[in-house]
Amino acid sequence: MPILDDLQLKELLQNPQTQRKGFEVMVRQYSEQLYWQVRRIVLTHDDANDTVQNTFLKAWNSLDSFKGESKVITWLSKIAINEALDFTRRQKKHPMLSTDDTELSLSSRLMADEYFDGDETEAQLQEAIANLPEMQRTVFLMRYYDDMKYSDISRVLGTSEGGLKASYHHAVKKITAFFHQHD
């Protein structure tokens, strides 16, 4: 089936007769994009897959409340990012790392992940990003990797554009400082 534009997809999703087909199309069209949004937050392949599955499960369960006022991807991104942030909060409260894993830096663990295809610099960047406060990390990821406009990020996160710009600026400064510290 060809890729549908946002309006066509909304029509399928909002019609009870075509809702299931619309959902299948939505999953096919947006799974990869959501995977990478989530992967940058949760970092590992398996956690990203689980989070994306949870995202689509929540989307399916709340499909009737989707009014179509935003783009489908904006709605899904909001769910996905909240799921990813909830996951990272749970990990901080209940770390399930073995003692061997706690001795390894995040960049070392990423380099050992068979699904991580970056180099050591990318792994260090991920470590620097992981050390950012939650809002700065989220804004940085959405702006830097997804090249989202501040207006779109504002809709997803429900915050002001000015606050987002400040968060991004602080994130960049902290990441730069991280790299200067690790030269």
Side-chain angles (χ1 to χ4, degrees), residues 1-91 110 113-119 122-123 125-126 129-130 132 134-161 163-165 167-168 171:
M1 180 171 210
I3 293 177
L4 299 181
D5 67 31
D6 201 63
L7 186 59
Q8 293 169 316
L9 186 53
K10 284 179 187 177
E11 287 174 5
L12 286 176
L13 291 171
Q14 292 175 335
N15 180 342
Q17 270 69 44
T18 59
Q19 202 171 51
R20 183 175 293 279
K21 183 66 176 166
F23 189 80
E24 290 172 13
V25 171
M26 181 178 71
V27 169
R28 191 171 50 254
Q29 280 186 202
Y30 296 121
S31 287
E32 185 175 353
Q33 183 177 348
L34 291 175
Y35 170 86
W36 287 109
Q37 280 182 328
V38 165
R39 172 80 188 259
R40 291 180 192 108
I41 297 171
V42 302
L43 298 178
T44 67
H45 171 73
D46 290 338
D47 293 340
N49 271 343
D50 290 347
T51 303
V52 169
Q53 285 179 358
N54 288 342
T55 296
F56 282 118
L57 184 61
K58 273 199 173 170
W60 176 257
N61 289 331
S62 62
L63 205 50
D64 291 336
S65 65
F66 177 58
K67 308 259 186 288
E69 295 168 355
S70 65
K71 290 182 178 180
V72 174
I73 189 59
T74 302
W75 176 66
L76 284 172
S77 290
K78 185 172 189 167
I79 297 169
I81 289 165
N82 285 330
E83 281 294 304
L85 293 174
D86 286 347
F87 174 84
T88 58
R89 286 183 207 117
R90 284 191 305 273
Q91 291 297 99
L110 277 174
D113 183 346
E114 67 180 286
Y115 294 102
F116 180 73
D117 62 355
D119 59 11
E122 176 66 21
L125 174 60
Q126 293 304 319
I129 293 168
L132 293 171
E134 184 177 286
M135 180 57 80
Q136 290 176 13
R137 181 176 66 239
T138 304
V139 172
F140 182 83
L141 292 169
M142 295 173 83
R143 183 90 178 114
Y144 181 79
Y145 285 106
D146 299 327
D147 200 27
M148 288 179 76
K149 296 176 185 172
Y150 286 112
S151 58
D152 292 334
I153 298 171
S154 176
R155 278 192 285 283
V156 170
L157 299 178
T159 57
S160 72
E161 289 184 43
L164 295 172
K165 289 175 183 178
S167 289
Y168 184 80

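The first residue in the sequence is number 1, and the count goes up from there. In this text, all values refer to a predicted model and were calculated from it rather than measured experimentally.
Of the N and O atoms on the side chains of Asp47 and Thr44, at least one donor lies less than 3.5 Å from an acceptor on the other residue. Gln37 and Ser77 share a donor-acceptor pair across their side chains, judged by distance under 3.5 Å alone.
The two residues Glu11 and Thr18 have their closest heavy-atom pair at O-OG1, 4.0 Å. Of all heavy-atom pairs spanning Glu161 and Ser154, the tightest one is CG-CB, 4.0 Å. Smallest separation of non-hydrogen atoms from Leu9 and Gly22: CD1-O, 3.3 Å. Counting all heavy atoms, side chain and backbone alike, Trp75 lies closest to Leu63 at CH2-CD1, 3.7 Å. For the residue pair Val72 and Leu13, the shortest heavy atom distance occurs at CG2-CD1, 4.2 Å. Minimum heavy-atom separation, Thr51 to Ala84: CG2-N, 3.6 Å.
At least one donor-acceptor pair closer than 3.5 Å links the side chain of Ser31 to the backbone N or O of Val27. Counting only distance, with no hydrogens or angles, the side chain of Arg39 and the backbone of Ala48 share no donor-acceptor pair below 3.5 Å. Checked by atom type and distance alone, the side chain of Asn61 pairs as donor or acceptor with a backbone atom of Leu57 at under 3.5 Å. Between the side chain of Gln8 and the main chain of Asp5, a donor-acceptor pair closer than 3.5 Å is present. Side-chain N or O atoms of Ser62 include none that pairs as donor or acceptor with a backbone N or O of Ser65 at under 3.5 Å. Side-chain N or O atoms of Asn15 include one that pairs as donor or acceptor with a backbone N or O of Gln17 at under 3.5 Å. In this structure, Lys10 contributes its side chain and Ser70 its backbone to a donor-acceptor pair below 3.5 Å. Side-chain N or O atoms of Arg143 include one that pairs as donor or acceptor with a backbone N or O of Met148 at under 3.5 Å. The backbone N or O of Met135 lies less than 3.5 Å from no partner atom in the side chain of Ser167, so there is not a single donor-acceptor pair.
Within the 4.5 Å cutoff, the side chain of Gln19 has heavy atoms near those of the Asp64 side chain. Considering only heavy atoms from C-beta on, Ile3 stays 4.5 Å or farther from Arg28 through its side chain. Looking at heavy atoms from C-beta onward, Tyr144 lies in side-chain contact with Leu125 at the 4.5 angstrom threshold. The side-chain heavy atoms of Phe23 and Leu12, taken from C-beta on, include no pair separated by under 4.5 Å.
The aromatic ring centroids of Trp36 and Tyr145 lie 6.0 Å or more from each other.
Classification of Arg89 and Asp86 as a salt-bridged pair holds, one side-chain N sitting under 4.0 Å from a carboxylate O.
In the displayed structure, Tyr150 atom OH is contacted under 6.0 Å by more than 12 heavy atoms of other residues, nucleotides or ligands.
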Item to check | side-chain contact (heavy atoms from CB on, under 4.5 Å) assessment of Leu157 paired with Met142 | outcome: CA-CA 10 Å; Leu157 299 178; Met142 295 173 83; 4.1 Å; yes
Item to check | Derivation of the salt bridge (Lys or Arg N to Asp or Glu O under 4.0 Å) call for Asp152 and Lys149 | outcome: CA-CA 5 Å; Asp152 292 334; Lys149 296 176 185 172; 5.5 Å; no
Checklist entry - side-chain contact (heavy atoms from CB on, under 4.5 Å) between Ile73 and Leu34: does it pass, once the steps are laid out? => result CA-CA 9 Å; Ile73 189 59; Leu34 291 175; 4.1 Å; yes
Item to check | Criterion side-chain contact (heavy atoms from CB on, under 4.5 Å) on Leu85 and Thr138, from CA distance to verdict | outcome: CA-CA 9 Å; Leu85 293 174; Thr138 304; 3.4 Å; yes
Next on the checklist: Does Glu134 form a side-chain contact (heavy atoms from CB on, under 4.5 Å) with Arg137? I'd like the steps, not just the answer.
Outcome noted: CA-CA 5 Å; Glu134 184 177 286; Arg137 181 176 66 239; 4.0 Å; yes
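Here the CE-CD distance, from Met26 to Gln29, works out to 10.0 Å after rounding to the nearest 0.5 Å. The CD1 atom of Ile41 sits 11.0 Å away from atom CD of Glu83, with the distance rounded to the nearest 0.5 Å. Leu43 CG to Gln91 CD: the interatomic distance, rounded to the nearest 0.5 Å, is 10.5 Å. Atom CD of Gln126 and atom CG of Leu141 lie 7.0 Å apart (nearest 0.5 Å).
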